[in-house]
Each structure stands twice: as structure tokens, then as C-alpha cells.
Amino acid sequence: MFSWVELFGKVYPYVEEIRAREAAEFAEKGQIVLIDVRADHEIRRFGKCKGAIHIPMHMVRHAANTASPHHHPALDPEKTFALYCETGNDALVAARIMLKSGYKDVYNMGAFREWLNAKLPLEK
């Protein structure tokens with residue numbers, strides 16, 4: 001029997017959220033990889049979270065695909081990831097792309113401004 005809930009779950013997998021402070025603690029211990037999916041011009045404005053790798057939103061699908069020539073070497077499906085962007089929307093979409101690509105531990109950290117407001121470390 002057809003189930004809308006099951007279909008919705010496949011199309012839009014649930015993504016756990018993580019707060020910036022918690023993500024920073026895990027990143028400091030090497031337990032989580034921070035991924036910035038913002039555009040270049042957004043990063044130039046304030047920088048990015050310390051230790052984050054930059055994968056623009058339009059490249060996430062390719063960078064997460066282990067069979068793609070554009071696969072990013074830091075994207076090991078066995079690792080844990082926290083994604084963020086300017087508003088949180090692109091991070092959610094990117095996290096869903098990674099989950100649908102076979103990644104298991106993917107979190108939405110949401111908006112970069114939470115990191116800024118918490119005065120957590122930045123890099124250019």
C-alpha cells in the first residue's frame with residue numbers, strides 16, 4: 001500500500017540539528033567535520049568556522065559522490081558532518097543530499113550567524 005509518509009521520508013530525509021557550540025566542541029576533538037556550503041562572496045565577508053571545509057552548495061552532490069571525479073577527499077562516508085550556510089536552508093538541503101548519497105551521520109548546524117554570535121573561532 002502507498003504511504004505518503006514513507007515517500008516523504010525518502011524524498012526529504014530527516015536531518016538532526018546540532019548547535020554551533022556543540023559542533024565546535026566536536027570539531028576541536030576531531031569528531032566532526034564542519035562543512036560550509038555558502039558562496040565565495042559570503043565567506044569573504046566574515047570568514048568561516050575554524051577548521052571548516054568549503055564546498056559550495058552547487059558542488060555538494062558531486063563532492064559527496066565517492067564515484068565522482070569531483071569527490072572531495074575529506075568526505076569519508078564513515079565520518080560525522082555538520083553543515084552550515086548563511087540562513088540554514090542550504091545547509092538542510094545539502095545535508096539531505098549527503099544522506100541520500102549514503103552518508104549516515106550528517107547534521108544541520110543551520111545559520112553561520114549562530115557561530116558568530118557565540119564568538120566561536122573563525123578563519124579566512
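All residue numbers refer to positions in the sequence shown, counting from 1.
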ring-ring contact (aromatic ring centres under 6.0 Å, His included) contacts touching residues 36-57 (sequence neighbours left out): none

Sequence neighbours excluded - salt bridge (Lys or Arg N to Asp or Glu O under 4.0 Å) pairs with any residue from residues 68-86: Arg38-Glu86, Arg45-Glu86

By ring-ring contact (aromatic ring centres under 6.0 Å, His included) - contacts of Tyr107 (at least two apart): none

Set of residues satisfying side chain to side chain contact (heavy atoms under 4.5 Å, CB included) with respect to Ala63, sequence neighbours excluded: Ile55, His72, Leu75

Listed once per pair and sorted, the side-chain hydrogen bond (donor to acceptor under 3.5 Å, both in side chains) pairs that draw on residues 57-66, sequence neighbours left out: none

For Arg19, all residues meeting salt bridge (charged side-chain N to carboxylate O under 4.0 Å, His left out), sequence neighbours excluded: Glu114

Joint hydrophobic cluster, Ile43 plus Met59, side-chain heavy atoms closer than 4.5 Å: no

Smallest separation among heavy atoms of Ala23 and Ala82, with atom names: CB-CB, 4.4 Å

Connected via hydrophobic side-chain network under 4.5 Å: Phe26 and Leu122: yes

Enclosure of Lys119 NZ (heavy-atom neighbours >12, cutoff 6.0 Å): no

Partner residues of Glu16 under the salt bridge (charged side-chain N to carboxylate O under 4.0 Å, His left out) criterion, sequence neighbours left out: none

Closest contact, heavy atoms only, Cys85 versus Asp90: SG-N, 3.5 Å

Heavy atoms from other residues, nucleotides or ligands near CD of Glu17 exceed 12 (cutoff 6.0 Å): no

Atom of Ala64, atom of Met98 and distance for their closest heavy-atom approach: CB-CG, 4.1 Å

Shortest non-hydrogen separation from Ala27 to Ile32 and the atoms involved: N-CG2, 3.3 Å

Those residues that, when tested against Glu28, pass side chain to side chain contact (heavy atoms under 4.5 Å, CB included) (two or more places apart): none

Closest heavy-atom pair and its distance - Ala91, Asn108: CB-OD1, 3.3 Å

Those residues that, when tested against Lys50, pass side chain to side chain contact (heavy atoms under 4.5 Å, CB included) (two or more places apart): Pro121, Glu123

Glu25: side chain to side chain contact (heavy atoms under 4.5 Å, CB included) partners, not counting sequence neighbours: none

same_hphob_cluster(Val93, Val106) at 4.5 Å side-chain heavy-atom cutoff: yes

Pairs involving residues 77-98, ordered by first then second residue, that meet ring-ring contact (aromatic ring centres under 6.0 Å, His included) (sequence neighbours left out): Phe81-Tyr103, Tyr84-Phe112

Linked, directly or transitively: Met57 and Met109 (ILVMFWY side chains, under 4.5 Å): no

Leu34-Leu83 co-clustered via ILVMFWY side chain contacts under 4.5 Å: no

